[in-house]
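Written below as structure tokens is the structure these notes are about.
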There are 2 protein chains.
Amino acid sequence: MGVLHGDCKEVLKSLGDASVDLAYLDPPFFTQKTHSLSTRNNTAEYSFEDRWTSLDDYLAFMAEVLRASRRVLKETGCIFLHCDRSAAHHLRLLLDQVFGSENFQSEIIWAYRRWSSAKKGLLNAHQTVYFYSKTGDYKFNTIYTDYSPTTNVDQILQARVRNESGKAVYRRDETGNVVIGKEKRGVPLSDVWNIPFLNPKARERVGYPTQKPILLLERIIAIATDVGDCVLDPFCGSGTTLVAAKLLGRDYIGIDISLDAVRLAEERLRQPVRSESQLLADGEEGFLEKSDAERRILRALDAVPVERNRGIDGFLRSYVDGHPVAVRIQKADEDIEMAKRKLIAASKTKQCAFTILVRTTRNEDYSLFDWTDEDLLVIDSYDVAIEAWLDERNHSGS
Amino acid sequence: MGVLHGDCKEVLKSLGDASVDLAYLDPPFFTQKTHSLSTRNNTAEYSFEDRWTSLDDYLAFMAEVLRASRRVLKETGCIFLHCDRSAAHHLRLLLDQVFGSENFQSEIIWAYRRWSSAKKGLLNAHQTVYFYSKTGDYKFNTIYTDYSPTTNVDQILQARVRNESGKAVYRRDETGNVVIGKEKRGVPLSDVWNIPFLNPKARERVGYPTQKPILLLERIIAIATDVGDCVLDPFCGSGTTLVAAKLLGRDYIGIDISLDAVRLAEERLRQPVRSESQLLADGEEGFLEKSDAERRILRALDAVPVERNRGIDGFLRSYVDGHPVAVRIQKADEDIEMAKRKLIAASKTKQCAFTILVRTTRNEDYSLFDWTDEDLLVIDSYDVAIEAWLDERNHSGS
DNA sequence: AGGGAGCCTGAATCCTCAA
DNA sequence: GTTGAGGATTCAGGCTCCC
């Protein structure tokens, strides 16, 4: 147990047969670039070369590492290989050769949102982790996740019976109350994992390039090992895998060819911390503030919705005279005057050509409202227009 | 254009070189099983054999189909190959050989939620679509989606520069004010697509095995082709690709070895239907075609779009006094009077509570138009309201 | 031609300042 | 002091442009 320095091809030879329960490999990708990054306070800079003379060269190297990793795995052990888009298919072929295609278990998709670029084509927003077992009899702990937001709570909790006509209905006791069914554990984890990409500003970042989010490693370790088992990471880098293993009570062996990396990993292991991402804690919905109706109105205006602003709900997609146009939808609990104040206050610094306020309620006193603002256009939502017309028609008809 | 019957290897020979803009292939998977499924009313059962003597056999067949597909593609054309988990890596190697690894564009992950099973291991919840171009100069239309809820307004609006130390900072003019950047359309679509799996109860389902959601096909067609371009599907099955192509105004060529499939596809093409569940499903991912103003207006009205009616574009989701409310959006090439006539004519037999006409153009003579129809409400679209206000502001300002 | 410098991205954080 | 809205900041990106 510990962090070893050297080429993993060589160092792996010093480990005994069938001695580890899980091998996680995050090898250098076949990108032909040098990756470097500084720590957040610029005290150190870490880098590594990702250059190979050819793809065959790279694959020969990886084949040797995979065979060595297989040897040290216990019979119930598993391997998780982290691949990037350029060589994933070649690496899976290697895995088929070394572990056998019958031991392929899953292609895990790590999906994330990331800063964008001006790339022609689709934005790359996932990486692949291949999951192979050494034998058919491998260790696997099922993880349960939350139900989909569209799953009805009643469906999860309440027991069901079939009534006389064979239709499934909720079970009720003598007094007519619904009966809560047996404990549900949730939905088994799927092979698509939405885990936020380690953000450039994240505190979790230690300055080593290609650092992975700790949640990704925790999940892999939790799936494939129990407490006390041993985790191997032949390309441990800054040691995220080892930190996750230590925090989960597993033994660990890390190897890296860079002495900087080994020292950094040892440093992190002395004080293992698990920082919680705000996004993970709150979930994406925590940031979403708009109702369905508001979104529909923004779409109809051809406006881009924005969150994280109390006064502005969106901007028109097209600028007017080179200036943006801010939009606010009147909220259910605010009068038109307050909506106007909030919109104008929020737009002050945004150099807007003008602003649009969409009115969504009618039953107000508008006698004091100033409709003649030069830079504010008030539009009735379609619903308001329909209601007003219906009202008028009913009155004139009676 | 049409649906051809036969082995695609042979039928493709009858197509000319460089004649199609997009090839979408959803070949039989290498699963060694027979797939079959009945229609919802059990009127027919479709099945196909998915058996090959060996993997090499299967790959030899696919290599030939890929080469034939490449030949018929225009120089700016693209191919999308739908793979399953068992052979995806082999198929990507074939694509590298036939199209060249430098023409690899994306590995698209189609992710979906699915009913869970008790299987040991992770729940399979994705399929892979490989996207290759024929040359480096290929056609690609970027689709834009919403910003992440964590992105703030400043980030979206303000221009940035690098200062002397290479740090990115907001750009400011001489007076120290921030500078607003150019128009923003949102975030480019990523390579991970969350599209609901075709619900077994969906109206869209026609009972053919492995049927794909139409939204998936619409997206592929929208990014790789323009209106009037030609889409090829050598394994067209029940014809979802062709239906999507037709609905989006593209030409199409479908091929299938099963006569049942060809007949079913031809039947669907006579009455192309797009199920409502799929329409609602794209709410989070944004609209397929930003220019699809009509659909945006219908959604803002909370109306259900209807196809195949020359006078009515949709109905309000909620009835008024137990009667439906028909909606028409004024078309670009018709004046308001004609739009009104068509709407009223089409609604005559529908027992509507009233009808709504959404006005989308302003530069007309309205002096003869009768605005006081008891059963017709004319609403200005948001765009018209904005244009009118801008016009007025400019006139009063000058 | 080919390779490096410079530019534009936006996600998700950190950080500041006002209430 | 505490909170929280919103301004600021970096990057396992990817173009274009310029030698």
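These numbers come from a predicted model, not from an experiment. To find a chain, count down the sequence lines: A is the first, B the second, and so on, and within it residues start at 1.
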Quiz item: Do the ring centers of B:Phe131 and B:Phe80 come within less than 6.0 Å of each other?
Solution: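 Here the rings of B:Phe80 and B:Phe131 have centres that are less than 6.0 Å from each other.
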Counting any heavy atom closer than 4.0 Å, what does [X] reach on the DNA or RNA strands: base, sugar-phosphate only, or nothing?
X        : answer
A:Arg308 : base
B:Val161 : nothing
B:Gly186 : sugar-phosphate
A:Tyr112 : nothing
A:Ser116 : base

Quiz item: Do the charged groups of A:Glu307 and A:Arg295 touch, with an N to O distance under 4.0 Å?
Solution: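 Yes, this pair counts.
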Quiz item: What residue among A:Thr240, A:Asp260, A:Leu264 forms side chain to side chain contact (heavy atoms under 4.5 Å, CB included) with A:Tyr208?
Solution: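 Exactly one option meets the side chain to side chain contact (heavy atoms under 4.5 Å, CB included) with A:Tyr208, and it is A:Leu264.
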Quiz item: Should B:Thr151 be listed as having a side-chain N or O under 4.0 Å from OP1 or OP2 of C:dA11?
Solution: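 The answer is yes; a side-chain N or O of B:Thr151 sits under 4.0 Å from OP1 or OP2.
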Quiz item: Counting only N and O atoms by type, is there a donor-acceptor contact under 3.5 Å from the side chain of A:Ser347 to the main-chain atoms of A:Lys350?
Solution: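 A pair under 3.5 Å: no.
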Quiz prompt | cation_pi(A:Lys120, B:Tyr138) dist<6.0 Å, angle<=45 | solution =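 Flagged: A:Lys120 positioned over aromatic ring of B:Tyr138.
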Please tabulate the protein-to-nucleotide N/O contacts below 3.5 Å involving nucleotides 1-6 of chain C, giving atom names and distances.
none

